[in-house]
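This chain uses plain numbering: 1 for the first residue, then up along the sequence. Only heavy atoms go into these numbers, but all of them, side chains included; no hydrogens, no water, no symmetry mates.
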Amino acid sequence: MYANAFAPEYQGALNSLSVNSSLTDVLRAASEQLQIAEASGDRREVARAGLGVAEARRRLGQIAEADAAWKASYRAARAADDLGAMAWAMWSGGTLARQRGALPLARRLLTLAADLGKRGDDVVARGYSLAGLAETGRIQGDYQAVGRLHEQLLAEARKRGEARHTVWALEGIAQIHRNTGDFDRALALFEEAAEIARGADDRRGWAWAQRGIADIVSVRDGDADRALRILEKAERACRRMNLTSALAYNHKMRANVLFRARRYRQAKRGYEETLAEFRAIDELRGQALCRLGLAKTLHRLGQRGPDETAAELRELRTLFQRIGLYHARAMTDKALAELPTPAPAPAEAAP
């Protein structure tokens with residue numbers, strides 16, 4: 001049995017905020033508290049309020065502002081000699097780096113955060129930082145290395161009865177099984193995550209689990225209509241909390257479902273609209289994945305020829321390699337292999 005999910009990143013005067021609080025409400029409360037803390041000269045509270053500002057802005061897709069906020073939070077924590085607060089600020093910075101597609105930087109910052117959490121005896125900050133490292137590796141496709149870490153973190157979360165981290169770990173393990181072709185196991189784990197999230201009132205975790213379930217229903221069962229209905233329910237949850245990034249990934253999955261169902265015109269519109277969403281929040285990984293889906297869709301519609309499509313795919317492959325998205329690189333290789341082989345040039349006439 002799990003207690004209701006909570007948000008440990010909302011600290012100090014912000015600890016009454018819920019994991020389901022609207023991000024605009026979080027930003028307003030954190031900004032007000034930051035002003036109060038700065039006026040009082042309480043550096044520890046400045047760090048805590050600044051973390052709330054950084055996380056709200058990150059999740060709203062306000063990248064430049066989030067970057068400035070986590071760094072300011074870290075400086076305040078360092079001035080207060082608070083290792084735990086330093087760990088949380090560094091975790092926020094590492095999570096932002098991953099969101100922007102700067103995966104090597106994310107690894108460095110999250111590793112530093114985990115070390116600070118250990119030195120500051122902040123078990124939760126260390127756990128979140130290790131989880132961030134695991135998620136970064138999973139996104140890159142380094143499944144063997146991070147699979148064990150996911151399982152370890154899942155066991156620890158279950159032992160402590162932490163619903164939010166249990167849901168996160170289940171979803172991460174489910175995604176690994178999905179990407180390696182074990183759809184039945186992936187679906188079972190996504191459904192377990194959704195059930196725990198529902199019981200713990202973790203709407204964000206529930207919405208992400210629904211996205212995973214819709215993906216499996218689409219790719220395994222070929223049931224596009226059911227998958228789209230599931231995504232619609234998840235979208236409503238994302239909108240209620242202003243989860244900008246999660247909503248964009250929900251829309252990308254919708255386009256994927258439409259592509260698999262050969263509804264290419266609808267898929268094209270979906271990828272184009274979602275690409276604009278990702279560009280608005282400077283989410284490089286989402287942009288690249290949308291471009292991959294759009295390139296394949298335009299080719300299927302006959303609106304882009306094999307040569308032009310191959311050039312786009314090769315450019316994307318280079319991008320995926322540069323930012324360390326190895327699973328996406330493999331998907332690009334598959335798309336390239338599926339393109340028709342160019343016809344041989346006609347032989348020149350003998351002189």
Q: Tell me whether Asp81 at atom CG has more than 12 heavy atoms from other residues, nucleotides or ligands lying less than 6.0 Å away.
A: no
Q: State whether the side chain of Ser92 and the backbone N or O of Trp88 hold a donor-acceptor pair below 3.5 Å, judged by distance alone.
A: no
Q: What about the rings of His165 and Tyr128, do their centers lie closer together than 6.0 Å?
A: yes
Q: For Glu135 and Arg138, run salt bridge (charged side-chain N to carboxylate O under 4.0 Å, His left out): C-alpha distance rounded to whole Å, both residues' side-chain angles, the deciding distance at 0.1 Å, then the answer.
A: CA-CA 5 Å; Glu135 186 164 347; Arg138 177 176 56 76; 3.7 Å; yes
Q: Is a side-chain donor-acceptor pair under 3.5 Å present for Arg285 with Tyr249?
A: yes
Q: Same hydrophobic cluster for Tyr271 and Leu298, using side-chain heavy-atom links shorter than 4.5 Å among ILVMFWY?
A: yes
Q: With a cut-off of 6.0 Å (strictly less than), are more than 12 heavy atoms of other residues, nucleotides or ligands near CZ of Arg254?
A: no
Q: What's the shortest heavy-atom distance between Arg204 and Met241, and which atoms?
A: N-CE, 3.5 Å
Q: Determine whether the side chains of Thr309 and Arg304 contain a donor N or O and an acceptor N or O closer than 3.5 Å.
A: no
Q: Quick check: is Phe278 connected to Leu292 through a chain of hydrophobic side chains (ILVMFWY, heavy atoms under 4.5 Å apart)?
A: no
Q: Do Phe320 and Tyr326 make the cut of ring centroids closer than 6.0 angstrom?
A: no
Q: Could you walk me through whether Arg269 and Tyr264 satisfy the side chain to side chain donor-acceptor pair (under 3.5 Å) test, starting with their C-alpha distance in whole Å, then the side-chain angles of each, then the deciding distance to 0.1 Å, before giving a yes or no?
A: CA-CA 9 Å; Arg269 185 165 58 251; Tyr264 296 128; over 6 Å; no
Q: Suppose the criterion is side chain to side chain donor-acceptor pair (under 3.5 Å): which pairs have a residue in residues 34-44, not counting sequence neighbours?
A: Arg44-Asp82
Q: Tell me whether Leu17 shares a hydrophobic cluster with Leu27, the cluster being built from Ile, Leu, Val, Met, Phe, Trp, Tyr side chains joined at under 4.5 Å.
A: yes
